[in-house]
Amino acid sequence: MRTQFVLVSIILILLNIISIFVFPWFLYSLILIIPLIVMGIIDMIQPSQTLRRNFPVLARARYMLEEIRPEMQQYFIESDTEGMPFNREQRSVVYQRAKGARDTVPFGTKKNVYQVGYEWVNHSLSPTKVEFDKLRVLIGGKDCLQPYNASLLNISAMSYGSLSRNAILALNAGAKAGKFAHNTGEGGLTPHHLENGGDIIWQIGTGYFGCRNLDGTFNDLEFIKKAAHTPQVKMIEIKLSQGAKPGHGGILPAQKVTKEVAEIRGVPMGKDVLSPPAHTAFKTPSELCYFIANLRRMSGGKPVGIKLCLGNKWEFIAICKAMLLTGMMPDYISIDGAEGGTGAAPLEFTNTVGTPGIDALMFVHNSLVGFGIRNKIKVLSSGKVTTAFEMIKLISLGADAVYSARGMMLALGCIQALKCNSNHCPTGVATQNKSLMVGLDVTDKKKRVANFHHETMKSLLEIIEAMGLDGPQDLRPWHVMRRVSETDSKNYAEIFEYILEGSLLGNDLPASFESAVKLASPDSFRPIFV
């Protein structure tokens, strides 16, 4: 094609020169031809892309089509029930509820109800009437002086820096209007989180952003100043790991590190912000428990929780043993699934590291039951929550409340462009580009966030009533059905193992937990081989 390009270029130029004498107006075609020829010459001499060298100009069409492939796939090829990570049906219900539009569907379900994996709940012939204010849960143990009455649905951890200023403002204003909580993400507590007065869960990650010394270690005084004396901060969350990249540490690409972000986080501009994989404030499970107790004391008695994506099972068992040994425990535990979320992450970590959310929730719930401390600790869970059924499923499996991240982003107007890590988010949600951010109107989008929350909670209430229950606290594993073959279905109590209260305290251990319990020590995250 290189030879053909040169020949065609010469012929076009000669034709133009000859045609001037017959059709002088034909000279205007050079306005199009000359740029194409220059473009082709550049393609032939550049060294990095073989296709462009071999197919000047034509190869550029391939790259243009590749650029818009996700949009073409999403809008013209996928059906309503296809598409990842969220299909069109899931996105549409969020948009409709956020806008206050009609969210009913005609002509029956589009799902194959006989396909393996189809899930549902059964209704009752004696529906109940449940008060809306029952859709809350009190978080705070015996050592907590300021327990928090949380909504069953809250905004999951998404940092300022990863999200735009306008997105943070709209999320927090929506949280205030809807009376639910907004998790800051590990990027720290910023003025944008506090501007509208919504309830805040301040997440502290391994980088200790917002409460760090110059060397990156934890700063007690900065923590006290913000945690104890900021009334909007209702809870503190220690992030041990996250689902998008468990064991890796947070990533904020350099193009998103503006001067303001750098000042808030205490990091240099022009470089990727890479949080350390591990905490420096503690090294062992017992030290973690003391750190939790210390944060609770320094915050004035506010609830303190931990967030983790489950990895080695003995490590979580080690934390449970440390709780019993020290008598100090978190007020809640937040479970993040390895399915990932809004955070930028290496492909291998997103696809192949960590425990999926359902499996992790089951193990954590069982572990707390087995050590006899489940009634002292609340469990929060996240994982692609866009509808009330997803909430029902997580609560039935053992969660007390639920987080949603991408659902809330969709409520803001996210179109799943999958450019969160590039600073080119077209809807202004996940970018620091001011020309894109300005398109996100805070006044309009805060209403949409509040609407999505309210309508989802309303749907949750209606399903609970249809099931004949007196409240979400009555949900149990046997309420959720799953098709395991074309002719057979089971409830979650039949699919998953549930161990007995206190069964991990003695010597007669459940077989599925025996190895992890024996390997775990409150004094180390490393396995103890006896």
Side-chain angles (χ1 to χ4, degrees), residues 133-157 175 179-184 199-204 227 233-241 243 288-289 291-293 295-296 299 301-310 316 319-320 322-324 326-337 357-358 360-383 385 390-405 457 460 464 471-477 498 501:
D133 59 11
K134 281 194 174 184
L135 303 183
R136 305 190 76 85
V137 58
L138 189 66
I139 301 176
K142 63 181 180 62
D143 298 320
C144 182
L145 302 178
Q146 301 184 55
Y148 178 58
N149 191 26
S151 169
L152 295 189
L153 176 61
N154 302 282
I155 301 172
S156 191
K179 297 181 180 179
F180 54 100
H182 177 195
N183 192 308
T184 65
D199 290 351
I200 289 292
I201 300 171
W202 180 14
Q203 187 182 94
I204 298 172
V233 174
K234 303 299 183 184
M235 300 201 297
I236 314 297
E237 185 170 283
I238 305 166
K239 192 196 89 168
L240 303 180
S241 59
L288 168 60
C289 290
F291 186 60
I292 291 169
L295 293 190
R296 188 185 292 117
S299 68
K302 294 179 179 179
V304 177
I306 59 174
K307 171 187 174 177
L308 57 88
C309 174
L310 183 68
F316 185 77
I319 294 174
C320 292
M323 293 178 198
L324 294 176
T326 63
M328 301 170 185
M329 56 191 68
D331 296 289
Y332 72 93
I333 297 173
S334 174
I335 307 300
D336 209 10
I358 295 297
L361 174 60
M362 291 303 311
F363 183 81
V364 168
H365 173 76
N366 268 327
S367 298
L368 296 177
V369 169
F371 281 105
I373 53 177
R374 179 64 183 87
N375 63 335
K376 299 177 181 179
I377 300 172
K378 294 296 188 290
V379 175
L380 277 65
S381 185
S382 61
V385 175
E390 286 138 12
M391 293 182 65
I392 292 276
K393 186 165 72 170
L394 293 175
I395 296 171
S396 295
L397 286 169
D400 294 292
V402 173
Y403 272 138
S404 174
M457 295 296 284
L460 174 69
I464 289 172
Q473 71 280 355
D474 291 341
L475 285 167
R476 294 294 183 271
Y498 283 86
E501 178 85 16

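In what follows, residues are counted from 1 in the order of the sequence shown. None of the values given here were measured: they were computed from a predicted structure.
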Residues I155, N183; criterion side chain to side chain contact (heavy atoms under 4.5 Å, CB included); working and verdict: CA-CA 6 Å; I155 301 172; N183 192 308; 5.8 Å; no
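- Within the 4.5 Å cutoff, side-chain heavy atoms of Y332 are placed close to those of I201.
- In this structure the side chain of I319 reaches within 4.5 angstrom of the side chain of L240, judged on heavy atoms.
- Between I395 atom CD1 and K393 atom NZ the span is 12.5 Å, to the nearest 0.5 Å.
- Put simply, the side chain of S299 never gets that close to the backbone of A227: no donor and acceptor are under 3.5 Å apart.
- Distance alone, capped at 3.5 Å, is enough to place a donor-acceptor pair between the K302 side chain and the V233 backbone.
- Of the inter-residue distances, the one linking M323 atom CE with K376 atom NZ reads 11.0 Å to the nearest 0.5 angstrom.
- Side-chain atoms of F180 and L153, non-hydrogen and from C-beta on, never get closer than 4.5 Å to each other.
- Here the straight-line distance linking atom CG of L361 with atom CD1 of I333 works out to 11.0 Å at 0.5 Å rounding.
- The shortest heavy-atom contact between H182 and A175 is CB-CB, 4.1 Å.
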Verdict with reasoning, V137 to N149, per side chain to side chain contact (heavy atoms under 4.5 Å, CB included): CA-CA 6 Å; V137 58; N149 191 26; 5.8 Å; no
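- The shortest distance between side-chain heavy atoms of L460 and I392 falls below 4.5 Å.
- Between the side chain of N154 and the backbone N or O of Y403 there is no donor-acceptor pair closer than 3.5 Å.
- A pairwise comparison of heavy atoms in S396 and Y498 identifies O-OH, 4.4 Å as the closest pair.
- A side chain to side chain donor-acceptor pair (under 3.5 Å) check over residues 362-371, counting only residues at least two apart or in different chains, returns the pairs H365-R374.
- Contact record, G140 with P147: CA-CB, 4.2 Å, taken as the closest heavy-atom pair.
- Rounding to the nearest 0.5 Å places NZ of K239 at 10.5 Å from SG of C309.
- Between M329 and I292, the closest side-chain pair of non-hydrogen atoms is not below 4.5 Å.
- Here the straight-line distance linking atom CD1 of I335 with atom CG of L308 works out to 5.0 Å at 0.5 Å rounding.
- A side-chain N or O of Y148 and one of D199 form a donor-acceptor pair less than 3.5 Å apart.
- Considering all non-hydrogen atoms of both residues, R476 and Q473 come closest at NH1-O, 2.7 Å.
- Nearest heavy-atom pair across G327 and D143 is O-OD2, 4.5 Å.
- Looking at residues two or more places apart in sequence or on another chain, you find a ring pair (Phe, Tyr, Trp, His ring centres under 6.0 Å) between F291 and F218, F282.
- One N or O on the side chain of D400 and one on the backbone of V379 form a donor-acceptor pair closer than 3.5 Å.
- Scanning both residues, Q146 and P303, for their nearest heavy atoms gives O-CD, 3.1 Å.
- In this structure, the separation between CG on L288 and CD1 on I238 is 6.0 Å, given to the nearest 0.5 Å.
- A heavy-atom distance below 4.5 Å is found between the side chains of R296 and D331.
- Panel note: side chain K307, backbone D336; no donor-acceptor pair is recorded below 3.5 Å.
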